[in-house]
Amino acid sequence: MNILVIGGGGREHAIIKKLRENAGVEKIWALPGNGGIAADAECFPVKATDIEGIKAFAKEHKPDYAVVAPDDPLVMGCVDELTNLGIPCFGPNAAAAVIEGSKVFSKNLMKKYGIPTARYQTFDDMGDALYYLESAPVPTVIKADGLALGKGVIIAETREEAMDAVRSMMADHKFGESGDRIVIEEFLEGPEVSVLSFTDGKTVVPMVSSMDHKRAGDGDTGLNTGGMGTVAPNPYYTDEVAARCMEEIFIPTMNAMNAEGRTFKGCLYFGLMVTADGPKVIEYNCRFGDPETQVVLPLLDSDLLTIMQAVTEERLADVEVKWKDGSACCVVAASDGYPVSYQKGYEIDIPDDVLPHVYVAGAALEDGELVTSGGRVLGVTAVAPTLAEAVEESYDMLDRIEFANKYYRVDIGQRALKALR
Ligand code: AMP
Ligand code: GLY
């Protein structure tokens, strides 16, 4: 069995390492992959957004199965294109990926089907948005409609900040066309929980819950990033919250997408906030989270490829999805200065016994040596009986990985540990 994986970050590395556990897997091709992924897959320099390039590669190499991991190619219809070539795929088609591709779509979907989320208004006229803000409560949250590399969300503490945010999106086009339409929504409070799920449109199987650490600095300070670390399970996701999510959010979302003629097949990611009023949806993603995947998949006790194929063939209800006991912690090491500006090209030294626990995000091979090539360089995941042990072990491993300008948060998992006390 030969598999094509689209993408080239830590998430894709985690997916590829997990797929490798299936003895039937021979070749894995990664487009574009990265210097670290190259140890586990054959990488080719075709960008994840180069749909024509991906099609040409698929026609030539004829993979038996494909996994499309990042948001852009999913929203661009990569799964539709590969399916048309006769290649079975894991991932939603473009019609379903719109659940992440348009915040206006997802907010309207939740309103129409009574799925709990922050109250909101949508605007495509800046004057209307500014007028609305004159009497709207603050803090408030301003979101660009389309994909904006996870950065199209501004939490405004004051009316002035809110108005500046609207102008930056709608007049200055800070997030390009993504900001032509915006959502202004109620500010919610409570712990955040990420729940990735497998769904084939008939069944939804939540994966183990997780907690992201999005800010660059310790104590959740500084700029938003792609994610500086994760732990799983998330202690705020109690059995009671899980039961409510299943009944009020997960199943209703699957049914809503079916009712809209947009059956979602793949990994549906629920970004949740556990408010005093119960769990509410902050965002949907149409894909595995990064770096959530780097803690969730190491806890998966069943075969990933078997589950993915069952999703594609709409027989998810027939396969077992089992989780290991214990906890996982992933700490991300970045290049100092991320997410603003940073140096790259530094050699990375990873001890052999640590390598199986490393998911490489931003590294290239230069003359056979692994060197830093991105903001987030790699993540290292430990799985242990308790969260405290997982946190300690992941930091111990990270300490033994060396590269110049290595930066990481020292408090990944501390909030979760506090909640457990
Ligand atoms: P998103 O890109 O939608 O995940 O938003 C990024 C982050 O902004 C989330 O992880 C939350 O921390 C925060 N956020 C988004 N929407 C809200 C909201 N309505 N209330 C409070 N915080 C929010
Ligand atoms: N870690 C958040 C995301 O993947 O969107």
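From a predicted model like this one, the values you see are computed outputs, not experimental measurements. We count ligands from 1, going down the list as the structure has it; atoms in each ligand are counted the same way.
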Please state whether K103 comes within less than 4.0 angstrom of ligand 1, counting heavy atoms only.
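Yes, K103 has a heavy atom closer than 4.0 Å to ligand 1.
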Checking contacts here: is it the side chain or the backbone of D212 that comes within 4.0 Å of ligand 1, counting heavy atoms only? Could be both or neither.
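For D212, no heavy atom sits under 4.0 Å from ligand 1.
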Can you tell me how far CD1 of I155 sits from NZ of K143, rounded to the nearest 0.5 angstrom?
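So the NZ of K143 and the CD1 of I155 are separated by 8.0 Å.
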What's the separation between atom CD in E192 and atom CG in N234, rounded to the nearest 0.5 Å?
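Answer for the CD-CG pair, E192 versus N234, is 10.0 Å.
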Could you name each residue pair satisfying salt bridge (charged side-chain N to carboxylate O under 4.0 Å, His left out) that touches residues 120-137, not counting sequence neighbours?
none
Please identify each residue that fulfils side-chain hydrogen bond (donor to acceptor under 3.5 Å, both in side chains) with E161, with sequence neighbours left out.
none
Report the residues that fulfil side-chain hydrogen bond (donor to acceptor under 3.5 Å, both in side chains) with E160, sequence neighbours left out, ordered by chain and then residue number.
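side-chain hydrogen bond (donor to acceptor under 3.5 Å, both in side chains) list for E160, sorted by chain: empty.
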Give the atom numbers and elements of ligand 1 that come within less than 4.0 Å of a heavy atom of E185.
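Near E185, meaning under 4.0 Å from one of its heavy atoms, ligand 1 has 16 (N), 17 (C), 18 (C), 19 (N).
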Which of the ligand 1 atoms, numbered from 1, are nearer than 4.0 Å to a heavy atom of F187
20 (N), 21 (C)
Quick one: does NZ or CZ of K111 land under 6.0 Å from the six-membered ring centre of Y120, within 45 degrees of the ring axis?
yes
Report yes if L188 has an N/O atom closer than 3.5 Å to an N/O atom of ligand 1; otherwise report no.
yes
Give the single entry among R215, E192, K280 that approaches atom 10 (O) of ligand 1 most closely by any heavy atom.
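The residue whose heavy atom sits nearest atom 10 (O) of ligand 1 is E192.
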Could you tell me, for ligand 2, which of its N or O atoms are under 3.5 Å from any protein N or O, listing the pairs and their distances rounded to 0.1 Å?
unit_1: ligand 2; atom_1: 1 (N); unit_2: D212; atom_2: OD2; d: 2.8
unit_1: ligand 2; atom_1: 1 (N); unit_2: D290; atom_2: O; d: 2.9
unit_1: ligand 2; atom_1: 1 (N); unit_2: E292; atom_2: OE1; d: 2.8
unit_1: ligand 2; atom_1: 1 (N); unit_2: E292; atom_2: OE2; d: 3.2
unit_1: ligand 2; atom_1: 4 (O); unit_2: R287; atom_2: NH1; d: 3.0
unit_1: ligand 2; atom_1: 4 (O); unit_2: D290; atom_2: N; d: 3.0
unit_1: ligand 2; atom_1: 5 (O); unit_2: N285; atom_2: ND2; d: 3.2
unit_1: ligand 2; atom_1: 5 (O); unit_2: R287; atom_2: NH2; d: 2.9

